[in-house]
Each structure stands twice: as structure tokens, then as C-alpha cells.
*Asks:* 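What follows is a structure written as C-alpha cells; I'll ask about it next.
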Amino acid sequence: MSKLVVQGGVPLCGVLEVQGAKNSVLPIMAAALLADGDCIIEHCPDISDTDSAIEILGALGAFVTEKRESDGSRTVYINASNALGFEIPDDMMRKMRSSVMFLGAILSRRHRAIISFPGGCELGPRPIDLHISALKKMGADITEQHGYIDCECDRLYGTVIDLAFPSVGATENIMLAAVLADGETIINNAAKEPEIEDLQNFLNKMGAKICGAGSSRIKIKGVKALNGTRHRVIPDRIAAGTYLCAVAATRGNALIKNTEPRHLSSVLSFLTDCGCDIDILENDISVSCDELHAVRHIRTMPYPGFPTDMQAVCMALMTKAKGSSVFTETIFENRFKHVGELHRMGAKIRTDGRVAVVEGVKKLYGARVESTDLRGGAALVVAALSAEGTSVIENISHIERGYDNIEKALSSLGAKITRQQ
Ligand code: UD1
């Protein structure tokens with residue numbers, strides 16, 4: 001299994017372009033299943049989760065090719081006109097959580113879908129009850145047996161769905177099921193993440209009639225058919241936030257390009273509060289940092305609140321800040337697995353349930369650590385970059401799920417980081 005070897009202590013400086021958003025491209029790839037004709041997806045990140053999505057599309061009978069553009073970005077072409085499959089093999093379901101996003105799309109297209117429970121990062125229990133109950137309300141007959149979910153319907157019907165929690169995945173799955181349903185679907189208490197707006201924009205270009213994404217009420221008028229389209233995926237706000245934190249952690253000075261600063265407002269406020277100088281020029285963010293002080297309390301919340309996906313990385317940053325900070329994780333039950341690994345580098349962190357208290361230390365020291373999940377792994381990279389000495393980060397398959405060539409991106413800012421087998 002691959003590992004990253006990081007020699008810490010080098011201030012990161014220079015210019016870095018951010019990848020397309022993982023959490024946008026995955027539901028968009030599922031949406032491509034609904035088109036008659038070619039869908040062309042630009043700025044598709046080269047990460048293992050998109051490879052998993054391509055594998056699923058292939059298993060369902062879609063034709064997928066890709067091209068490397070002259071600027072190095074990746075364009076994926078999907079033609080699902082002959083994708084008549086309705087069953088996703090168990091090994092593919094287990095590779096990532098977003099595999100569940102195909103459920104709404106397959107059901108919408110084939111009126112039958114068989115999947116097993118999705119995999120993905122282990123952050124505590126991750127039920128899909130909200131997805132299932134919404135699809136049932138839209139007319140699907142769903143049975144669960146031995147870990148498999150079998151869904152069938154004559155048609156799907158528009159209805160009003162009041163989500164008990166603004167789940168990102170459930171909101172997207174309902175949108176995918178509702179675009180070709182009979183009548184109008186309204187999602188109340190919808191998730192407001194920017195990736196949902198990106199999905200709306202993609203589907204509308206395909207001929208869907210959706211409005212309200214980005215607010216807590218989304219309206220979807222079912223249409224008869226959808227066409228292919230071309231779309232550029234929005235910038236990845238979590239990758240951008242990770243690189244901003246990496247620069248701050250090393251007391252560096254860099255320009256992070258291809259960002260959507262609007263999507264990063266809670267993270268940028270956090271960075272400003274802890275002493276970073278942030279400047280925004282359209283889609284570029286410059287960051288520099290001389291001294292870091294602790295931000296008292298960080299509480300993860302659904303968008304536009306502080307993203308749970310930035311919790312681990314920001315915690316890594318706070319390990320060397322002056323003073324103490326408190327992190328409260330409200331979205332996932334068990335998202336502090338990185339803490340034990342940060343301890344190995346000399347961090348002082350106490351956890352109690354969903355609360356972690358970080359007491360800033362003067363130095364972190366290079367160590368052999370293990371990536372425990374996607375964002376936890378990125379947090380270890382940020383800590384290693386700011387530590388004295390060499391760190392080895394094992395099990396980087398987690399990191400590869402969401403970061404497009406992280407070692408190349410960080411090396412372009414001067415980091416001493418290499419991948420080894
Ligand atoms: C998405 C993101 C992930 C991010 C998360 C929260 C993608 C591909 N992934 O994951 O990076 O960390 O949003 O911002 O977009 N829940 C239920 N029942 C359900 C669905 C969810 O109880 O049916 C709970 C989950 O267990 C969790 C919370 O709701 O505690 C948030 O989950 P959700 O918003 O659905 O996250 P994902 O879509 O899995």
C-alpha cells in the first residue's frame with residue numbers, strides 16, 4: 001500500500017490550482033445516467049472515487065471515455081443511452097458512500113434498482129433511512145434483505161418530502177429520482193451545500209426543471225426526457241481549504257487559484273480569526289501567516305456553517321496555535337480518529353464524545369502515522385508539513401479517494417513530499 005513521506009518545516013510558497021469538486025462530480029456522474037446523449041464533464045478530479053463512479057457506470061452499461069486537456073485537467077465523456085443495468089455489484093457499492101447516489105438515478109431510469117449498503121469513510125453509523133423513506137413516498141416499493149436493497153416501481157410520483165435532517169446525499173438522491181417523475185416534488189429542509197446547486201445546474205442544462213437549490217426548499221417539476229450536456233464542475237472547497245491550511249501551518253505565503261471564495265466563507269473567517277492574512281481576488285485566494293493563535297470554538301454544522309469535512313484539517317492547524325481551541329463535531333458521531341495519530345506527532349488533544357480540546361504546542365515531531373479516513377488523512381499531511389523531521393503517512397488510499405495528486409500539488413508549493421510504494 002502506498003505511503004507519503006513528508007519532510008516537514010518548509011514554508012509553502014507559490015501558486016496552486018484547485019481541482020474540481022469531488023462532492024459535485026459524483027452526483028453529476030450519477031445524473032449522467034439519465035441523459036439520452038453525451039454528457040461531457042470538465043474539470044473532473046483524478047481521484048479514486050471518480051474511478052469508482054466510472055466503474056459503476058460501466059457495470060450499468062454506460063460508455064465512458066476521458067481526455068486530458070492541454071492545461072492538465074481531465075474531461076470525462078459519458079454516454080448512458082444503452083445503460084440498461086439496474087444492479088450495482090456489492091464490491092463497487094462498498095468502495096464509496098456516493099455509490100448510493102446511483103439509486104435515485106437508476107430507479108428513475110429503469111424503475112428497478114438493486115444495490116447493497118454503501119461503503120465510504122467510517123465516521124460512525126451512516127444510515128440511508130432518509131433516502132429510502134423519500135423514495136418510498138415517491139412510489140417505490142423497497143425491500144431490504146441480507147444487506148441488499150431492492151427497489152421497484154411502475155412510476156415515481158412527485159410529492160412533498162420533509163427531510164428530518166438536511167442530508168446532502170438524501171437531497172441529491174431525491175433530486176435524481178424526481179427529475180423524471182410524474183408531477184412536482186418539493187424537498188423541505190433540503191441541504192444547502194454548493195454541490196447541490198451544481199447538481200441542479202447540471203440537471204437543468206439536461207432539460208430538467210429544478211429551482212431552489214442552495215436554499216432549504218427545492219422544487220422539481222418532472223419532465224419526460226433529459227438530453228446530454230457539457231458542464232464544468234465547481235472548484236473543490238474542501239481541497240481549497242486543505243491547501244490554505246497547509247500554507248498557514250507552515251507559515252507560508254501562497255496563491256490558491258480556481259476557488260469559489262463564497263463557498264469558503266466560514267473557513268476563511270476561521271483562518272482570519274487565527275491570524276492568517278487572506279486576500280480575495282475573484283477566484284483566487286492569497287494566504288500568508290506569521291503567527292497562529294487558537295480560535296476558541298469550532299462547531300461543525302450543515303452549510304453555510306463550518307464544514308465537518310474541514311474539522312480534522314483545521315484541528316491539525318490548531319495543534320501548533322497559541323492557546324486552546326475546542327472542536328464540537330455535530331454532523332458525524334465518530335469523526336476524531338485522526339486525534340490518536342496527531343498524538344504520535346506530539347499534539348495535545350483531549351476528546352470527550354463529540355468534543356475535542358486542542359492545546360497548542362510549540363512543536364510537532366515527524367512520526368510514522370496512519371491515515372484513518374479521507375479528511376483525517378489530509379490532516380496528517382498538514383501536521384507533517386509543519387512538523388520537525390520526517391513523517392511517514394501510511395494507508396493513503398483514503399487520501400487518494402478525494403485529493404487529486406496531493407503530493408504533486410503540495411510539491412508545487414515547495415513541500416518536500418514523495419509517494420512511496
Ligand atoms: C456528504 C459529503 C461528505 C460530508 C457530508 C456532510 C458527498 C459525496 N459527501 O456526505 O463529504 O461530510 O455530506 O456535509 O457529498 N443521515 C441519516 N440518515 C440518512 C442520511 C444521513 O441519519 O439517510 C445522517 C448521517 O449519518 C450523518 C448526517 O446525516 O450523521 C449527515 O449526512 P449526509 O449529509 O447525508 O452526508 P453524506 O451525503 O453521506
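Each ligand, and each atom within it, is numbered from 1 in the order the structure gives.
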*Asks:* Just how far is it from atom NE2 of His293 to atom OG of Ser325, taken to the nearest 0.5 Å?
*Replies:* 11.5 Å

*Asks:* Please tell me whether Arg230 and Tyr77 have a donor and an acceptor in their side chains that are separated by less than 3.5 angstrom.
*Replies:* no

*Asks:* In terms of atom number and element, which parts of ligand 1 are under 4.0 angstrom from non-hydrogen atoms of Phe165?
*Replies:* 28 (C), 29 (O), 31 (C)

*Asks:* Between Arg335 and ligand 1, which residue portion shows a heavy-atom distance shorter than 4.0 Å: side chain, backbone, both, or neither?
*Replies:* side chain

*Asks:* Using a 4.0 Å heavy-atom threshold (strictly under), name the region of His131 that reaches ligand 1: side chain, backbone, both or neither.
*Replies:* both

*Asks:* Show the numbers, then the answer: is there a side chain to side chain contact (heavy atoms under 4.5 Å, CB included) between Gln311 and Arg375?
*Replies:* CA-CA 8 Å; Gln311 176 255 107; Arg375 305 302 170 186; over 6 Å; no

*Asks:* Taking the basic N atoms (NZ, or NE/NH1/NH2) and the acidic carboxylate oxygens, is any pair closer than 4.0 Å for Arg94 and Asp90?
*Replies:* yes

*Asks:* Do Asp129 and ligand 1 have an N or O pair less than 3.5 Å apart?
*Replies:* yes

*Asks:* What distance separates Glu55 CD from Leu60 CG, expressed to the nearest 0.5 Å?
*Replies:* 11.0 Å

*Asks:* For ligand 1 and Phe332, I'd like to know whether there is a polar contact (N/O to N/O, distance under 3.5 Å).
*Replies:* no

*Asks:* I'd like to know if Arg97 contacts ligand 1, where contact means a heavy-atom distance under 4.0 Å to any ligand atom.
*Replies:* yes

*Asks:* Is any side-chain heavy atom of Thr171 closer than 4.5 Å to one of Pro166?
*Replies:* no

*Asks:* Any N or O of Lys22 that comes nearer than 3.5 Å to an N or O of ligand 1?
*Replies:* no

*Asks:* Would you check the N or O atoms of Glu172, main chain and side chain alike, for any that come under 3.5 Å of an N or O of ligand 1?
*Replies:* no

*Asks:* Give a yes or no on whether a salt bridge exists between Arg401 and Asp49, defined as a side-chain N under 4.0 angstrom from a carboxylate O.
*Replies:* yes

*Asks:* Which is it for Ser98 and ligand 1 at heavy atoms under 4.0 Å: side chain, backbone, both or neither?
*Replies:* side chain

*Asks:* Classify the contact between Tyr303 and ligand 1 as side chain, backbone, both or neither, using a heavy-atom distance cut-off of under 4.0 Å.
*Replies:* neither

*Asks:* In ligand 1, which numbered atoms sit nearer than 4.0 Å to a non-hydrogen atom of Thr308?
*Replies:* 6 (C), 12 (O), 14 (O)

*Asks:* Side chain, backbone, both or neither: which applies to Leu130 and ligand 1 if a contact is any heavy-atom pair less than 4.0 Å apart?
*Replies:* both

*Asks:* Which of the atoms in ligand 1, numbered in the order shown and given with their element, are less than 4.0 Å from a heavy-atom of Pro127?
*Replies:* 17 (C), 18 (N), 19 (C), 20 (C), 21 (C), 22 (O), 23 (O), 26 (O)

*Asks:* Examine the side chains of Thr300 and Arg335 and answer whether a donor and an acceptor come within less than 3.5 Å of each other.
*Replies:* no

*Asks:* Heavy-atom contacts under 4.0 Å between Val168 and ligand 1: side chain, backbone, both, or neither?
*Replies:* both

*Asks:* Go through the side-chain N and O atoms of His297 and Thr328 and say whether any donor and acceptor fall under 3.5 Å apart.
*Replies:* yes

*Asks:* Is it true that Asp46 and Arg68 make a salt bridge, defined as a side-chain N closer than 4.0 Å to a carboxylate O?
*Replies:* yes

*Asks:* Quick one: does Gly169 get an N or O within less than 3.5 Å of an N or O on ligand 1?
*Replies:* yes

*Asks:* Just let me know how Ile132 lines up against ligand 1, side chain, backbone, both or neither, with a heavy-atom cut-off below 4.0 Å.
*Replies:* neither

